[in-house]
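All chains are named by letter (A, B, ...) in the order of the sequence lines, taking the proteins before the strands, and each is independently numbered beginning at 1.
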Protein chains: 2
Amino acid sequence: MYIPTLGYAILSLLARTPLSGYDIAREMKRPTSFFFGHAQISQIYPELSRLEEYELVTSIIIEQQGKPDKKVYTISPTGLQEIQRWVVSPTPLLEVRSDFLIKAHSLWLADAEEALPHFREHARYHQEHLVAYEANLAEMEERWGANIALLHTQEFGDYLTVKRGVSYEQEYLSWLEWAIAILEARAKRQCEGDTSG
Amino acid sequence: MYIPTLGYAILSLLARTPLSGYDIAREMKRPTSFFFGHAQISQIYPELSRLEEYELVTSIIIEQQGKPDKKVYTISPTGLQEIQRWVVSPTPLLEVRSDFLIKAHSLWLADAEEALPHFREHARYHQEHLVAYEANLAEMEERWGANIALLHTQEFGDYLTVKRGVSYEQEYLSWLEWAIAILEARAKRQCEGDTSG
DNA sequence: GGTCCCATGTAAGGTGTTACATGATTCT
DNA sequence: AGAATCATGTAACACCTTACATGGGACC
């Protein structure tokens, strides 16, 4: 019984509340669910079938009015046990291929003037994410106060991950702003060289 | 002519110096090449063939003594043009499925005492990476001084990426240490609750 | 009349990993 | 004697993405 990360991602959500495949996809698309990656709905359905085959989840069909029927999945005691085991298991380091950093690695080949809009655009995207995460964190802190770190509910999980989201985006943005300042200096220098030479 | 990210990663290295498939794999395994992901050598060979088919690289067989022959690839003018175009093209946001953060999301299901070794081990791994990146950065700064940000050589690319490596690992570590402190408080509280109740 | 949301799935194709095949030299 | 390094590749498999299939209701 091998379970891919997506399987655990699904169990992680079903451990909180029963959901349909469509619900799971919606949950994973939320900005504060950044760590799930963008899972395609077409991949979630077969993964749910597999989890059901393994008896880690059970399903019931819910008939709806004016909407298609939905298949709602509930985590089983075995499933809960499985995720509890997985949560405290060792995690290998995640090494990701980053398009943006490979571009930075080759930035010596580019013109600073041309690279700047690209960097500014990227910074803008990350700024947007940061704002969303910060809003979510502020909401949580207002609601739960200092107690949040001691809660034994799902809010504790949300708190840990949203904190990471905020600090990740802050770090990324400050690196981007540092790089943009360098590119501006390079562009200015090149421009002066052009006009004075 | 579609080129996957691995193709650009390879061009990014060949833009600096001619290399064999084996050399490329070795370069990508270096700690400061973290942003390439761990590319398998078995995937690099067919990708190189494809780049050659597209005439973005050329190859020659080098006969060696006491070692197998090697096929050394050189970037072509078209290849250089292609990566220069790519470097300043827009980059979609990278959303990665993170095993560790999915575990954090479900950490409310776990015992703090059991989760602590897992978090400490993870922090240790990241600490090691940070040390390696910092050593590399220090070396660079010592060698090139303040000029480094204005260089129009490959060292500029290395500088940008290693700076990101350092700040990423610093951020990750400080989040991990914050989480560890919380887990310690939870463990202590649970322990007191057990003995006093 | 067109697009989006709800809802579940299949099929095809692309990407990436692990295992296999081969074999000499160097290090422990 | 065994493992690691050098060196290139193929084959099988696992995982993920994109496109296709279906269809009612709500909104513009």
[X] has a side chain; which of [options] sits nearest to it?
| X | options | value |
| --- | --- | --- |
| B:Arg26 | C:dC6, D:dT8, D:dA7 | D:dA7 |
| B:Tyr22 | D:dC6, D:dG9, C:dA7 | D:dC6 |
| A:His38 | D:dT17, C:dT17, D:dT8 | D:dT17 |
| A:Tyr45 | D:dT8, C:dC6, C:dG9 | C:dG9 |

Atom of [X], atom of [Y] and distance for their closest heavy-atom approach:
| X | Y | answer |
| --- | --- | --- |
| A:His152 | B:Trp108 | O-CE3, 3.8 Å |
| A:Leu173 | A:Ala123 | CD2-O, 3.5 Å |
| B:Phe35 | B:Thr161 | CE2-CB, 3.6 Å |

Would one find more than 12 heavy atoms of other residues, nucleotides or ligands at under 6.0 Å from atom CD of B:Glu142? no
Using atom [atom1] of [X] as one end and atom [atom2] of [N] as the other, report the distance to the nearest whole Å.
| X | N | atom1 | atom2 | value |
| --- | --- | --- | --- | --- |
| B:Glu27 | D:dA7 | CD | C1' | 16 Å |
| B:Glu47 | C:dT17 | CD | P | 13 Å |
| A:Ile24 | C:dT8 | CD1 | C1' | 13 Å |
| B:Ile44 | C:dT18 | CD1 | C1' | 15 Å |
| A:Gln40 | C:dA12 | CD | P | 19 Å |
| B:Leu94 | D:dC16 | CG | P | 14 Å |
| A:Asp23 | C:dT8 | CG | P | 7 Å |
| A:Leu48 | D:dC15 | CG | C1' | 16 Å |

Under 3.5 Å between N/O atoms: give me all the protein pairs with nucleotides 19-26 of chain C, atom names plus distance.
none

Min side-chain heavy-atom separation [X]-[Y] under 4.5 Å:
| X | Y | answer |
| --- | --- | --- |
| A:Met28 | A:Ile24 | yes |
| A:Ser76 | A:Glu55 | no |
| B:Leu183 | B:Leu107 | yes |

Apply side-chain contact (heavy atoms from CB on, under 4.5 Å) to residues A:Leu19 and A:Ile10 and explain how you reach the verdict. CA-CA 10 Å; A:Leu19 296 166; A:Ile10 292 172; over 6 Å; no
Taking B:His105 as the fixed residue, which of A:Trp86, A:Tyr159, A:Phe36 is the one that meets the ring pair (Phe, Tyr, Trp, His ring centres under 6.0 Å) rule? A:Phe36
Difference in axis direction between the ends of the helix from C:dG1-D:dC28 to C:dT28-D:dA1, five pairs, 10°: 40°
Between B:Phe34 and B:His129, is the ring centre distance below 6.0 Å? no
Any chance the rings of A:Phe100 and A:His118 have centres within less than 6.0 Å? yes
Do the side-chain N or O atoms of B:Gln64 get closer than 4.0 angstrom to the phosphate oxygens (OP1, OP2) of D:dC6? no
Can you tabulate the close N/O pairs, meaning under 3.5 Å, that link protein atoms to atoms of nucleotides 13-15 of chain C?
unit_1, atom_1, unit_2, atom_2, d
C:dT15, OP1, B:Tyr2, OH, 3.3

For B:Glu128 and B:Arg124: C-alpha separation, side-chain torsions, deciding distance, then whether salt bridge (charged side-chain N to carboxylate O under 4.0 Å, His left out) applies. CA-CA 6 Å; B:Glu128 272 172 28; B:Arg124 204 179 55 75; 2.9 Å; yes
